[in-house]
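Order of the sequence lines sets the chain letters (A, B, ...), proteins ahead of strands, with each chain counted from 1. As the structure is a prediction and not an experimental result, all values here were calculated from the model.
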There are 2 protein chains.
Amino acid sequence: MTSKVYVETLQQIHRIIQEDGLVAGDKIPSERELSERLKVGRSSVREALRALEFLGIIETRRGEGTYMKEFGEHQLIDLLGTFILQEEKAKTDLVETKVLLEQLCLQLACKRRSQTKLDELKKMIRQKTINYERFLKWVTEAGENYLLERIWRVLNDFFTSNYDAISLPITFYENMGHAFETQDISAILDLFTEHVVMPLSKQP
Amino acid sequence: MTSKVYVETLQQIHRIIQEDGLVAGDKIPSERELSERLKVGRSSVREALRALEFLGIIETRRGEGTYMKEFGEHQLIDLLGTFILQEEKAKTDLVETKVLLEQLCLQLACKRRSQTKLDELKKMIRQKTINYERFLKWVTEAGENYLLERIWRVLNDFFTSNYDAISLPITFYENMGHAFETQDISAILDLFTEHVVMPLSKQP
DNA sequence: AAACAAGACTGGTCTGACCACCTAATGTTT
DNA sequence: AAACATTAGGTGGTCAGACCAGTCTTGTTT
């Protein structure tokens, strides 16, 4: 045979999922049942399922079964990230890309921030529970682009594990809060440049 | 046990790849050797390798061995496409993020394009061998941010496997070429908005 | 009715056995 | 010596069966 069993099994499982109209949360047949129905070894079924699991399409729960998963928490980005960012020379790229993505998210958030989302931010500022980490989390969420949010989160994870945490005065957040309220994009970007980008470019 | 063997095995394999400094084209230890070294069953090794294979990080050749693979195209795209991109929100996020990243790359390329790199572009335009795919490849390269280039490439692979190729008149590239020569960033972004962003926002 | 216990699932893992395939060493012929 | 054919060992691909470790169902006991 030219084709590999676990590849065909993967396609068959996909077919079953489609024909049965399975959606997130639904249970898919057990490994042993799939093995029988598709007339392949259980190990081949498992190898196919493993691919689907790491792609974030299914979720396996020991003792319970295998379930369809909501698109979102796929480790795709994480895994790719760990493999891509292993090169040392990528660090300057990392910092630059992170900043660029943050500027992107700032613009999206400025445009799309809802009133309730804005209140969240103002509350964090008022109670002084805000820090740079939380602020950026809010920004990426308010941008309402989940994919971009995920990509940023990976970069941020690598950043925080290689650099010191960024600490900014409360006035920075207060000014940001005001700028988001009035949706003043240039004020937002200016604040960001002054307090985040410029200090970074001085560091090693 | 809390963690699953094939997950830990995956991390161990990653560690080996890093410590041995393996790059694209290099051979990684055989399944049986990994099984011995890591003291896990061969089936667990295979399940871990399967994940890496579908992520396009390795390539298995029957009878030869398993090799590191150049990051890029693979079935990952088709798989995720058929399984995931059915959800509308994910699609809009994908398109939006791709466009945003491209605008980022355009700005970087405008600033950093070297003379030799510029000549490459002009040559492609003169010989009319240019198309949108090649143009964007040039842009991301000229931006000289390898990380950003790779992230974009992933999104672009998703995109091209789910949407029709973008076809633009030669005048677009000629104008772009001129704008890059004079490093006129606003002209570049205007061209991009008019020919790429606007048509996309009209599509479903 | 509530609490408990046994059994029947399910996924997780390992082992050992083949098969198909490739490569390189070996031997044979020219 | 060079070209060819053969062979042996290594590699991924696949299967079957066994056992473990959790979860859920069911039926009995209290």
Whole angstrom value for the distance that separates [atom2] of [N] from [atom1] of [X]:
X     : N      : atom1 : atom2 : result
A/L34 : D/dC15 : CG    : P     : 13 Å
B/R50 : D/dT14 : CZ    : C1'   : 11 Å
A/K39 : D/dA16 : NZ    : C1'   : 16 Å
A/K69 : C/dG11 : NZ    : P     : 16 Å
A/K4  : D/dT11 : NZ    : C1'   : 12 Å
B/E8  : C/dC14 : CD    : C1'   : 16 Å
A/L49 : C/dT10 : CG    : C1'   : 12 Å
B/I58 : D/dG13 : CD1   : C1'   : 14 Å

Listed nucleotide nearest any side-chain atom of [X], set [options]:
X     : options                : value
B/V5  : D/dG13, C/dT10, C/dT13 : C/dT13
B/Y6  : C/dT13, D/dT14, C/dG11 : C/dT13
B/R32 : C/dC18, D/dC24, D/dT14 : C/dC18
B/R62 : D/dG13, C/dT13, D/dC15 : D/dG13
B/R42 : C/dT13, D/dG12, C/dT10 : D/dG12

Base, sugar-phosphate, or nothing: which does [X] touch, judged by heavy atoms less than 4.0 Å apart?
X     : answer
B/R61 : sugar-phosphate
B/S43 : base
B/G41 : sugar-phosphate
B/T60 : sugar-phosphate

Using heavy atoms to find the nearest nucleotide of DNA chain D for B/P29 and A/V40 separately, return the residue whose nucleotide is more 5′.
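It is B/P29 whose nearest nucleotide is closer to the 5' end.
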Considering heavy-atom distances to DNA chain C, does A/K27 or B/E64 have its closest nucleotide positioned more toward the 5' end?
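Its nearest nucleotide being more 5', the pick is A/K27.
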In Å, rounded to the nearest 0.5 Å, how long is the span from CD1 of A/I13 to CG of A/L49?
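The CG atom of A/L49 is 4.5 Å from CD1 of A/I13, to the nearest 0.5 Å.
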Mind telling me whether B/Y132 and B/F172 have parallel, tilted or perpendicular rings, with 30° and 60° as the class edges?
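Ring orientation of B/F172 relative to B/Y132: tilted.
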Closer than 4.0 Å, any side-chain N/O of A/T66 to the OP1 or OP2 of C/dG11?
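So the side chain of A/T66 is within the cut-off, an N or O lying under 4.0 Å from OP1 or OP2 of C/dG11.
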Check A/K117, A/K122, A/K123 against A/E120 for a side-chain hydrogen bond (donor to acceptor under 3.5 Å, both in side chains) and give me the one that passes.
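Of the listed residues A/K117, A/K122, A/K123, the side-chain hydrogen bond (donor to acceptor under 3.5 Å, both in side chains) partner of A/E120 is A/K117.
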Do A/R113 side-chain atoms and A/E181 backbone N/O form a donor-acceptor pair below 3.5 Å?
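Yes; at least one donor-acceptor contact below 3.5 Å.
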Is the backbone N or O of A/L189 less than 3.5 Å from a side-chain atom of A/T193, with the two atoms forming a donor-acceptor pair by type?
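Such a contact is found between A/T193 side chain and A/L189 backbone.
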